Amino acid sequence: MAFLEIKNLFFAYGGKNAPWVLENFNLSMQKGEVLGIAGPSGQGKSTLLRIIAGLERIQKGTICLDGRVMSDAQTSVNPEDRQVGMVFQDYGLFPHMSVADNIAYGLYHLSRKERRKCVRTMLELVRMEELSKRYPYEISGGQQQRVALARSLAPKPKVLLLDEPFSSLDAELKIGIRSEVKEILDATHTTSIFVSHDNADLEAVCDRIRVMPADFYSV
Ligand code: ADP
């Protein structure tokens, strides 16, 4: 069985006669794979991520992650129990917390010592050791996005979802951070789904790209 397996998924927002946003949607991913999702807007790309994260309930089909049913018509595991991480376009950092505290945020289950160790490792991974005490408003957009990535990776999610993570960055910054993100995802062997409207972003980071609604191609 695949690490992430989505089978015959149907999803609509709202009531009975609402149109399907995803209709008989299928997807299989191997552990450690980085999948890109492209396609015009309104095709359900962000919705798919919200469903995998457990933020929306599906009407039909199944989602299994690492052998466990996350969603089907009866089941919907809570978002916080899915071990799914998310990185958004607007970073979502807590403005009143330092870089280090932002990264430590999801590590409440660890002892203080383990938490400190993990934060150190993540700071190293995203090359932010020197800036650990700064607040988000004291660092650049690219640095904020690296902190957001570190914060999402720190609890070792089974799947990392990235929704247009580079949209707020200018073109020059994007090129640098793209290769950094690829290195980080490869180094941590993190199974990831990356949604972007920019094919160059996807080709720089992903192993395989799916164009919604149907086609796949390999990078
Ligand atoms: P994409 O990410 O491919 O642009 P979305 O997943 O954002 O597409 O949206 C897919 C469809 O679902 C669109 O028609 C959009 O208008 C609709 N949609 C998105 N969010 C909601 C919502 N909260 N309530 C109702 N419809 C929504």
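Everything numeric here is computed off the predicted structure, so don't read it as measured data. Ligands are counted one by one from 1 in listed order, and the atoms in each one are counted from 1 as well. We use all heavy atoms of the structure for the numbers below, so side chains are in, but hydrogens, waters and symmetry mates are not.
- Taking each of Ser46, Ala38, Ala18 in turn, the one with a heavy atom nearest to atom 2 (O) of ligand 1 proves to be Ser46.
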side-chain contact (heavy atoms from CB on, under 4.5 Å) between Phe194 and Asp201, intermediate numbers included: CA-CA 9 Å; Phe194 178 6; Asp201 280 355; 4.1 Å; yes

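- Among protein heavy atoms, atom 8 (O) of ligand 1 sits closest to Gly44 N, 3.2 Å.
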Could you list the donor-acceptor pairs under 3.5 angstrom formed between side-chain atoms of residues 29-52 and any protein atom two or more places apart in sequence or on another chain?
{"from": "Glu33", "atom 1": "OE1", "to": "Gln30", "atom 2": "N", "distance (Å)": "3.1"}
{"from": "Glu33", "atom 1": "OE1", "to": "Arg208", "atom 2": "NH2", "distance (Å)": "3.3"}
{"from": "Glu33", "atom 1": "OE2", "to": "Arg208", "atom 2": "NE", "distance (Å)": "2.6"}
{"from": "Glu33", "atom 1": "OE2", "to": "Arg208", "atom 2": "NH2", "distance (Å)": "3.2"}
{"from": "Lys45", "atom 1": "NZ", "to": "Gly39", "atom 2": "O", "distance (Å)": "2.9"}
{"from": "Lys45", "atom 1": "NZ", "to": "Pro40", "atom 2": "O", "distance (Å)": "2.8"}
{"from": "Ser46", "atom 1": "OG", "to": "Asp163", "atom 2": "OD2", "distance (Å)": "3.0"}
{"from": "Thr47", "atom 1": "OG1", "to": "Tyr13", "atom 2": "OH", "distance (Å)": "2.9"}
{"from": "Arg50", "atom 1": "NE", "to": "Glu56", "atom 2": "OE2", "distance (Å)": "2.9"}
{"from": "Arg50", "atom 1": "NH2", "to": "Glu56", "atom 2": "OE2", "distance (Å)": "2.9"}

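- Regarding atom 1 (P) of ligand 1, its nearest protein heavy-atom neighbour is Gly42 N, 3.4 Å.
- Nearest protein heavy-atom contact of atom 26 (N) of ligand 1 is Tyr13 CD1, 3.4 Å.
- Side-chain atoms of Asn78 never come within 3.5 Å of backbone atoms of Asp81 as a donor-acceptor pair (strictly under, hydrogens ignored).
- Taking a cut-off of under 4.0 Å to the non-hydrogen atoms of Thr47, the atoms of ligand 1 that pass are 5 (P), 6 (O), 9 (O), 10 (C).
- Proximity of Gln83 to Asp66: side-chain heavy atoms (C-beta onward) are nowhere separated by under 4.5 Å.
- An N or O contact shorter than 3.5 Å links Lys45 to ligand 1 by distance.
- Counting the atoms of ligand 1 from 1 in the order shown, those under 4.0 Å from a heavy atom of Ser41 are 4 (O).
- The number of heavy-atom neighbours closer than 6.0 Å to NZ of Lys7, taken from other residues, nucleotides and ligands shown, is 12 or below.
- The protein does not reach atom 16 (O) of ligand 1 closely, with no heavy atom under 4.0 angstrom from it.
- The side-chain heavy atoms of Arg82 and Ser76, taken from C-beta on, include a pair separated by under 4.5 Å.
- Looking at Val21 next to ligand 1, no N or O pair under 3.5 Å apart turns up.
- Note: Trp20 and Phe10 have perpendicular aromatic rings, judged against thresholds of 30 and 60 degrees for the angle between ring planes.
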